[in-house]
Amino acid sequence: MKFQSRLLSGLSALAAAGAAASSAPPSFSFDPAGGFRLDGRPGYMLGTVIYHQPHEKDYRHTEGYSDDDAWIYETPPDRAYLQRLGFDTVGGEVSYDWMKRFRPEPRYWQAHRAHDWSIATNWWCSGLPTIADFTCARWSHGALSFVEGREPAAAAFPEGGAGHFMPYSLVTPEGRALYAMMWRAGAEELKAHGAAPYAYELFNEPTWEERTPAARALFARSLSAVFRGDPAAMDSAWGSRYGSFEAAAAFRHPYECPGLGVEWLKFRERVFASGIALGKKTIREVVPDAVVCFQPVGISFGYVNVLAANRECGVVMTPTGGHDAFETLLLRAISDGKPLIDGETYFGHTRDSHRAKALLHFSRGIDASYYFKWDRRLDDPRFDRPDGPERMAETFPYMALNPAATPPSAFAGLLDAKREIGAVADLFCPRARRMPDAERVAVLFSLPTER
């Protein structure tokens, strides 16, 4: 293969970690000031999330790596595997089986493989801290769609969806019931198999907005509450002539009136936050002390109010990829007393880029970074073509287990970073650094007044 000339063994750095890889995991807890404590000391964690439904075919032999590195590609990740690479934590998805009560026929949904717990136990019960992912994409938990004459009812599915990775309604009982069913089934499944995630990620990259009759009716009631049942007060405040809350809720475009646009944005924020509260309540009916979180797309653009939505969360997540220094600083303030993690970290393709990304996140105050994406995408028929790995690397450069995209030698950068971080973690990981309140700086960040 053409790309084999690019491969460096990477074996010496990874093998050096092998001797200590089977050691017992450190004790794990939340630091009351924020962040994590490993063996009683503040620490930063590297990890990854295992996506999709695990299957033995995921670990078949392919070309592009040496026999010495085959364990990276052909072995289900267990504690020894993960620690050897430098990972302190791991996450995964739960099965999509909850949808089979509605669509038992495989042709109706894309979750075509059974969730093999004989494989998944390797990481879920590794003894390392775990996190559960409920990404509601159309190829996973969001695979349900309306079928005439069958459940779920049409009211569960807003026309065009309710936003990115939010296929079910958040304003109808039917839609909210589907989210609750997903969360409850996942929590029960994990509990039954002895897994105890430190956090449950309720939504991944959500952007909620519904303009259905049900959403508009709820918005009209929201306006009535804001203006104490007096539409004239609304029109006076906005300089508008709607005459009724129902007429305002029937807008053609939410920003046809600036005041309307602000109230619509705040309405969207409240509804999304209610989804977080629903997820927390649902999972806590199974796991009473469960901690929830969600991964935003960004901290602005009207997607969600990260301050309001995170009030119910015990862990705060950065937007996808960690985003920039300002956003991280803002989220550090929001996460006061809570860990701040990046659930989807892109580490690049070299040993230096892996080291640099971990050090960057550590220096910005992120408490854990999860490698995206620990996968080869072997169910894609293009992978087995003569130039398949190279072509796949062009389309999916973030597939870490495609050696044409990321040679195994690059993973040694994770261990490089861990050694450097370990030397200064006691100084820079603690949140409580005895900074006097008088020396703190407050920043007012207003979402509704974006221009």
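Only heavy atoms go into these numbers, but all of them, side chains included; no hydrogens, no water, no symmetry mates. Residue numbers start at 1 and run along the sequence shown.
Using modelled atom types, one finds no donor on one side chain facing an acceptor on the other under 3.5 Å when comparing Gln53 with Glu93. The closest side-chain donor-acceptor pair between Trp98 and His141 falls under 3.5 angstrom. For the residue pair Tyr65 and Glu74, a side-chain donor N or O sits within less than 3.5 Å of a side-chain acceptor on the partner.
With salt bridges taken as basic N to acidic carboxylate O contacts below 4.0 Å, one links Glu209 and Arg211. A salt bridge links Glu269 to Lys266: at least one charged side-chain nitrogen sits closer than 4.0 Å to a carboxylate oxygen. Electrostatic pairing of Arg376 and Asp58 does not count as a salt bridge here, judged by no charged N lying under 4.0 Å from a carboxylate O. With respect to Arg284 and Asp289, no salt bridge is recorded, no charged nitrogen being found less than 4.0 Å from a carboxylate O. Electrostatic pairing of Arg355 and Asp352 does not count as a salt bridge here, judged by no charged N lying under 4.0 Å from a carboxylate O.
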Apply the test side chain to side chain contact (heavy atoms under 4.5 Å, CB included) to residues Phe28 and Met45: give CA-CA distance (whole Å), side-chain angles for both, the deciding distance (0.1 Å), then the verdict. CA-CA 11 Å; Phe28 169 81; Met45 298 195 300; 3.7 Å; yes
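At least one cation-pi condition fails for Lys338 and Phe30: the charged atom is not both under 6.0 angstrom from the six-membered ring centre and inside a 45 degree cone around its axis. A cation-pi arrangement is found for Arg84 relative to Trp71, the charged atom lying closer than 6.0 Å to the ring centre and inside a 45° cone about the ring normal. Relative to the six-membered ring of Phe251, Arg216 meets both conditions, a distance below 6.0 Å and an angle of at most 45° to the axis.
In this structure, Asp324 contributes its side chain and Glu327 its backbone to a donor-acceptor pair below 3.5 Å. With Tyr179 contributing its side chain and Tyr168 its backbone, the two residues share a donor-acceptor pair below 3.5 Å. For the pair Asp367 (side chain) and Pro339 (backbone), a donor-acceptor distance under 3.5 Å is absent. Remark: the backbone N or O of Gly91 is not paired with any side-chain donor or acceptor of Thr130 at under 3.5 angstrom.
Ring orientation note: the planes of Phe396 and Tyr398 are nearly perpendicular, at an angle over 60° on the 30°/60° scale. Ring pair His354/Phe411 is perpendicular by interplanar angle, where above 60° counts as perpendicular and below 30° as parallel. Using the six-membered ring where Trp is involved, Phe294 and Phe272 have ring planes that are perpendicular, over 60° apart on the 30 and 60° scheme.
Looking at heavy atoms from C-beta onward, Glu210 lies out of side-chain contact with Glu159 at the 4.5 angstrom threshold. Residues Leu340 and Arg332 have side chains in contact (heavy-atom distance under 4.5 Å, counting atoms from C-beta outward).
Scored by the side chain to side chain donor-acceptor pair (under 3.5 Å) test, Lys191 finds no partners at all (sequence neighbours excluded).
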